Amino acid sequence: MATASPAAVDHSSYDKLLKKYVSAKGLVNYKGLKANQQELNSYLDLLSKSAPAASWSKADQMAFWINAYNAYTIRLVLDHYPVSSIKDIGSKIKIPFVTTPWAIKFFSIGGEKMSLDNIEHGILRKKYNDPRIHFALVCASMSCPSLRPEAYTAAKLESQLDDQARDFLNNPAKNKISVASAQLSKYFDWYKGDWEKNGQSVEKWVNKYSTTKIDAKTKVSYLDYNWSLNEQ
């Protein structure tokens, strides 16, 4: 008798958590979360036991991995809290050949030990070919995209990713765009290869979501990255 394919994860408990501890501007109440970690731990336990199956839709798989990245980033910060920056965690690591917080294999999903890098580079960037993930993954820093005060779900993923892109590109703390000059996030420099896939370009991606359009004459530069913690 064939066994039924595992159902996609219900992210509603994480959704409630985000609504409770994340502001409308995407800033996190880490102190509050530190004092009440049971809900987060229960959700992470659910993720750990529920690796996406091949039978899941692409949207279900992507929503799972985006939520996992963001939730485990919160977990990592809480493990070392108080910190002023996630990068401070790197100096505390006592693991050979591991020098950044994103390379620590501190959680398991489907029985496989994983790091945040594994999710971002080994799964999301490699498998799904959608650069909008860069607007959704939040590395706990002020120059990152804002953390949505809701979970990603398959049903809303397209609109959520587009909304994240609009929010990110039109936020002058993250991108300063005028017709004459565009000071863009370092994301557009670091991941230039992603933005240029499939006949696209940084200019096309910016113009898709920015209210101010740029062209070949626009002087493009990249803003310094603010690694301060995205804390309320």
Side-chain angles (χ1 to χ4, degrees), residues 6-52 56-57 59-86 88-89 101-102 104-110 114-120 123-124 132-165 167-168 171 227-232:
V9 166
D10 179 354
H11 300 285
S12 57
S13 63
Y14 181 50
D15 188 77
K16 290 176 188 171
L17 193 73
L18 292 171
K19 284 178 167 59
K20 187 174 179 180
Y21 293 105
V22 179
S23 74
K25 292 185 177 181
L27 300 178
V28 183
N29 177 2
Y30 288 106
K31 289 187 183 72
L33 270 167
K34 183 79 172 176
N36 300 280
Q37 298 187 49
Q38 187 174 345
E39 296 163 52
L40 177 62
N41 290 339
S42 295
Y43 175 67
L44 294 178
D45 188 52
L46 173 66
L47 295 184
S48 181
K49 296 172 180 173
S50 310
W56 292 16
S57 70
D60 268 315
Q61 293 179 40
M62 287 181 67
F64 176 98
W65 289 117
I66 292 169
N67 287 333
Y69 183 97
N70 292 341
Y72 277 110
T73 296
I74 293 170
R75 172 76 272 156
L76 181 63
V77 171
L78 292 179
D79 285 345
H80 297 272
Y81 191 82
V83 290
S84 58
S85 167
I86 191 171
D88 293 345
I89 295 169
W102 299 281
I104 311 167
K105 295 197 174 190
F106 68 97
F107 58 93
S108 297
I109 293 178
M114 300 189 79
S115 68
L116 296 171
D117 275 346
N118 291 149
I119 293 179
E120 180 177 7
I123 298 172
L124 281 166
R132 292 178 301 169
I133 63 150
H134 295 302
F135 303 129
L137 301 180
V138 181
C139 64
S141 303
M142 292 303 292
S143 283
C144 293
S146 300
L147 184 61
R148 286 185 83 81
E150 66 174 2
Y152 289 87
T153 62
K156 294 196 289 183
L157 185 65
E158 280 298 311
S159 62
Q160 288 175 319
L161 291 176
D162 283 339
D163 186 57
Q164 284 289 116
D167 178 76
F168 185 68
N171 184 336
W227 288 103
S228 300
L229 195 66
N230 62 338
E231 183 166 27
Q232 289 181 23

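Each residue takes its place number in the sequence, starting with 1. Bear in mind that the values here come from a model prediction, so they are computed numbers and not experimental data.
- The shortest heavy-atom contact between Met62 and Ile133 is CE-CG2, 3.9 Å.
- Using modelled atom types, one finds a donor on one side chain and an acceptor on the other under 3.5 Å when comparing Asp60 with Ser57.
- A search for ring-ring contact (aromatic ring centres under 6.0 Å, His included) contacts involving Trp102 returns Trp227, not counting sequence neighbours.
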Mind running side chain to side chain contact (heavy atoms under 4.5 Å, CB included) on Met142 and Leu27 for me, showing each step along the way?
-> CA-CA 9 Å; Met142 292 303 292; Leu27 300 178; 3.8 Å; yes

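- In this view, Tyr72 and Phe107 satisfy the ring-ring contact (aromatic ring centres under 6.0 Å, His included) rule, not counting sequence neighbours.
- Once rounded to the nearest 0.5 Å, the distance linking CG of Leu116 with CG of Asn70 reads 9.5 Å.
- To the nearest 0.5 angstrom, Asp45 atom CG is 8.5 Å from Ser50 atom OG.
- Checked against salt bridge (charged side-chain N to carboxylate O under 4.0 Å, His left out), Asp117 has no partners two or more places apart in sequence or in another chain.
- Atom OH of Tyr152 is separated from atom CG of Asn67 by 8.0 Å, given to the nearest 0.5 angstrom.
- Shown here are the salt bridge (charged side-chain N to carboxylate O under 4.0 Å, His left out) partners of Lys25, two or more places apart in sequence or in another chain: there are none.
- In terms of heavy atoms, Ala51 sits closest to Gly110 at CB-CA, 3.8 Å.
- In this view, Ala140 and Tyr30, Thr73, Val77, Ile86, Leu229, Asn230 satisfy the side-chain contact (heavy atoms from CB on, under 4.5 Å) rule, not counting sequence neighbours.
- Rounding to the nearest 0.5 Å gives a distance of 4.5 Å between CD1 of Ile119 and CD1 of Ile109.
- In this structure, the side chains of Leu157 and Thr153 stay at 4.5 Å or more apart for every pair of heavy atoms.
- Here the CG-CE distance, from Leu47 to Met114, works out to 11.0 Å after rounding to the nearest 0.5 Å.
- Residues satisfying the side-chain contact (heavy atoms from CB on, under 4.5 Å) criterion with Asp15, sequence neighbours excluded, are Lys19, Glu150, Ala151.
- Counting only heavy atoms from C-beta outward, the side chains of His80 and Leu76 approach each other to under 4.5 Å.
- Arg75 meets the salt bridge (charged side-chain N to carboxylate O under 4.0 Å, His left out) test with Asp79; sequence neighbours excluded.
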Step by step, would you call Arg132 with Gln164 a side-chain hydrogen bond (donor to acceptor under 3.5 Å, both in side chains)?
-> CA-CA 8 Å; Arg132 292 178 301 169; Gln164 284 289 116; over 6 Å; no

Determine, stepwise, if the pair Phe135 / Asp163 fulfils side chain to side chain contact (heavy atoms under 4.5 Å, CB included).
-> CA-CA 9 Å; Phe135 303 129; Asp163 186 57; over 6 Å; no

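- For Leu17, the side-chain contact (heavy atoms from CB on, under 4.5 Å) partners are Tyr14, Tyr21, Leu33, Glu39, Leu40, not counting sequence neighbours.
- At a threshold of 4.0 Å, the pair Asp167-Arg148 does not count as salt-bridged, since none of the basic side-chain nitrogens sits closer than that to a carboxylate oxygen.
- Nearest heavy-atom pair across Leu18 and Pro149 is CB-C, 3.8 Å.
- When side chains are defined from C-beta on, Cys144 counts as touching Cys139, because their heavy atoms get closer than 4.5 Å.
- Between the side chain of Lys105 and the backbone N or O of Ser115, no donor-acceptor pair lies under 3.5 Å.
- Not counting sequence neighbours, the partners of Phe64 by the ring-ring contact (aromatic ring centres under 6.0 Å, His included) test are Trp56.
- Every residue two or more places apart in sequence or in another chain was checked for a side-chain hydrogen bond (donor to acceptor under 3.5 Å, both in side chains) with Ser108, and none qualifies.
- How far CG of Leu137 is from OH of Tyr69: 6.0 Å, rounded to the nearest 0.5 Å.
- Taking both residues in full, the closest heavy atoms of Ser143 and Phe168 are given as O-CE1, 3.7 Å, listed atom of the first, atom of the second, then distance.
- Judged as a side-chain contact (heavy atoms from CB on, under 4.5 Å), and not counting sequence neighbours, the contacts of Ser12 are Asp10.
- Evaluation of the salt bridge (charged side-chain N to carboxylate O under 4.0 Å, His left out) rule for Lys31 yields Glu231 as partners, not counting sequence neighbours.
- Checking side-chain atoms of Ser159 against main-chain N and O of Lys156 turns up a donor-acceptor pair under 3.5 Å.
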From CA spacing to verdict: side chain to side chain contact (heavy atoms under 4.5 Å, CB included), Leu44, Ser48 = CA-CA 6 Å; Leu44 294 178; Ser48 181; over 6 Å; no

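- Val28 has its side chain within reach of Leu147: a pair of non-hydrogen atoms, C-beta onward, lies under 4.5 Å apart.
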